[in-house]
Amino acid sequence: PSWECTLSREAQMKRFCKAQAIQRRLEEIEVTFRELEQQGIKLEKLLRDEDGTPAAQKTQWMNQLLYLVQKKNSLMSEESDLMITVQELKLEEQQWQLDQKLRRYMSKEEPQKTAEDRAAEQEILAQLVEVVNKRDILIHIQEEKRLSEL
């Protein structure tokens, strides 16, 4: 039915838009990483080079350095989550494509199916199971990650 095609195209577009948004965020994270790295290098240099600096100033620099490390760790965690989401989107797309192929084979009447059709159908089913298992593993990884962060 045509409403199914419309829905699946919509889902495909949503995946595509989400993937683009993730790509932009990953690029932003990369830029922020570089900025944090530069700030960190400056602070480390100040901490190393300034022998006559008051203790209060050194403490402030040390606190700034610790803040940068926390921010970097937070960004690394976000980046990791985004990479998992990218994998999920790829697997969703694969699953959708395999689903479409399988429907074409399954829509044929059994007497009209050739041995090649049946073999292709079995191969697609096997690939579909593999994709579903990979998605399941990703969900498990995300859950483990969430639990370890708590």
Side-chain angles (χ1 to χ4, degrees), residues 1-107 118-150:
S2 64
W3 63 270
E4 269 184 21
C5 288
T6 305
L7 284 177
S8 60
R9 265 192 222 105
E10 243 176 71
Q12 229 178 350
M13 278 308 293
K14 276 184 184 173
R15 280 193 296 274
F16 179 73
C17 290
K18 192 173 181 182
Q20 280 189 317
I22 289 171
Q23 190 56 46
R24 278 193 300 277
R25 181 61 189 141
L26 287 170
E27 288 165 8
E28 289 168 7
I29 287 172
E30 197 55 46
V31 168
T32 307
F33 271 153
R34 283 196 293 275
E35 290 168 359
L36 292 174
E37 195 70 34
Q38 290 307 311
Q39 291 172 8
I41 290 169
K42 284 178 190 169
L43 284 168
E44 284 176 2
K45 191 169 170 39
L46 286 170
L47 282 165
R48 243 184 277 121
D49 295 347
E50 299 302 312
D51 288 334
T53 305
Q57 182 63 59
K58 284 187 174 183
T59 302
Q60 186 183 354
W61 289 337
M62 194 54 120
N63 287 337
Q64 287 175 331
L65 196 57
L66 289 173
Y67 171 76
L68 292 179
V69 170
Q70 287 172 335
K71 196 167 179 170
K72 187 175 179 186
N73 287 342
S74 168
L75 285 172
M76 286 172 69
S77 177
E78 181 185 353
E79 183 181 46
S80 167
D81 288 342
L82 291 172
M83 297 304 279
I84 290 171
T85 304
V86 165
Q87 288 303 311
E88 277 180 5
L89 290 171
K90 284 180 182 174
L91 291 172
E92 269 180 44
E93 182 63 24
Q94 265 187 304
Q95 187 174 343
W96 178 80
Q97 289 174 355
L98 290 168
D99 233 22
Q100 297 304 306
K101 285 182 185 176
L102 189 60
R103 285 173 193 256
R104 283 194 292 273
Y105 282 109
M106 292 179 95
S107 67
R118 285 188 193 85
E121 198 174 314
Q122 288 306 307
E123 176 58 33
I124 292 167
L125 259 175
Q127 289 174 3
L128 207 45
V129 167
E130 190 179 323
V131 168
V132 169
N133 287 337
K134 285 179 182 176
R135 287 183 71 186
D136 191 49
I137 289 168
L138 280 180
I139 290 167
H140 182 73
I141 289 170
Q142 276 182 316
E143 195 55 35
E144 289 291 313
K145 189 175 184 299
R146 264 189 223 102
L147 290 173
S148 72
E149 286 172 357
L150 290 177

Salt bridge (charged side-chain N to carboxylate O under 4.0 Å, His left out) with [X]: which residues, sequence neighbours excluded?
X	result
R24	none
D136	none
E144	none

Value rounded to 0.5 Å, distance of [atom1] in [X] from [atom2] in [Y]:
X	Y	atom1	atom2	result
S74	E79	OG	CD	11.5 Å
L98	L125	CG	CG	9.5 Å
I41	L46	CD1	CG	12.0 Å
L26	F33	CG	CZ	9.5 Å
Q38	L43	CD	CG	11.5 Å

Does [X] pair with [Y] as a salt bridge, N-O distance under 4.0 Å?
X	Y	answer
E37	K72	yes
R135	E88	no
E78	R25	yes

**Report entry** Intermediate values then yes/no, side chain to side chain contact (heavy atoms under 4.5 Å, CB included), N73 and Q70
**Finding:** CA-CA 5 Å; N73 287 342; Q70 287 172 335; 5.7 Å; no
Less than 4.5 Å apart, any side-chain heavy atom of [X] and any of [Y]?
X	Y	answer
K101	E121	no
Y105	R118	no
L82	I29	yes
L138	Q142	no
Q23	V86	no
K90	Q94	no

Only pairs under 3.5 Å count here: list side-chain donor-acceptor contacts from residues 11-22, not counting sequence neighbours, and write none if there are none.
unit_1: Q12; atom_1: NE2; unit_2: E93; atom_2: OE2; d: 2.9
unit_1: R15; atom_1: NE; unit_2: E93; atom_2: OE1; d: 3.0
unit_1: R15; atom_1: NH2; unit_2: E93; atom_2: OE1; d: 2.8

**Report entry** Donor-acceptor contact present, side-chain T32 to main-chain E28, <3.5 Å
**Finding:** yes
Query raised in the report: Between T85 (side chain) and D81 (backbone), is there a donor-acceptor pair under 3.5 Å?
Result: yes
Requested in this report: Start with the C-alpha distance between E143 and R146, add both sets of side-chain angles, then the distance that settles side chain to side chain contact (heavy atoms under 4.5 Å, CB included), and finish with yes or no.
Outcome: CA-CA 5 Å; E143 195 55 35; R146 264 189 223 102; 3.3 Å; yes
**Report entry** Audit row: Q100, Q97, side chain to side chain contact (heavy atoms under 4.5 Å, CB included) steps and yes/no
**Finding:** CA-CA 5 Å; Q100 297 304 306; Q97 289 174 355; 5.7 Å; no
Report task. Answer with yes or no whether the side chains of K145 and S77 bring together a donor and an acceptor at under 3.5 Å. Result -> yes
Can you give the donor-acceptor pairs under 3.5 Å from side chains of residues 54-66 to other protein atoms, not counting sequence neighbours?
unit_1: K58; atom_1: NZ; unit_2: E50; atom_2: O; d: 3.3
unit_1: T59; atom_1: OG1; unit_2: A55; atom_2: O; d: 2.9
unit_1: N63; atom_1: ND2; unit_2: T59; atom_2: O; d: 3.4

Query raised in the report: For Q39, what residues pass the side chain to side chain contact (heavy atoms under 4.5 Å, CB included) criterion, not counting sequence neighbours?
Result: L36, L68
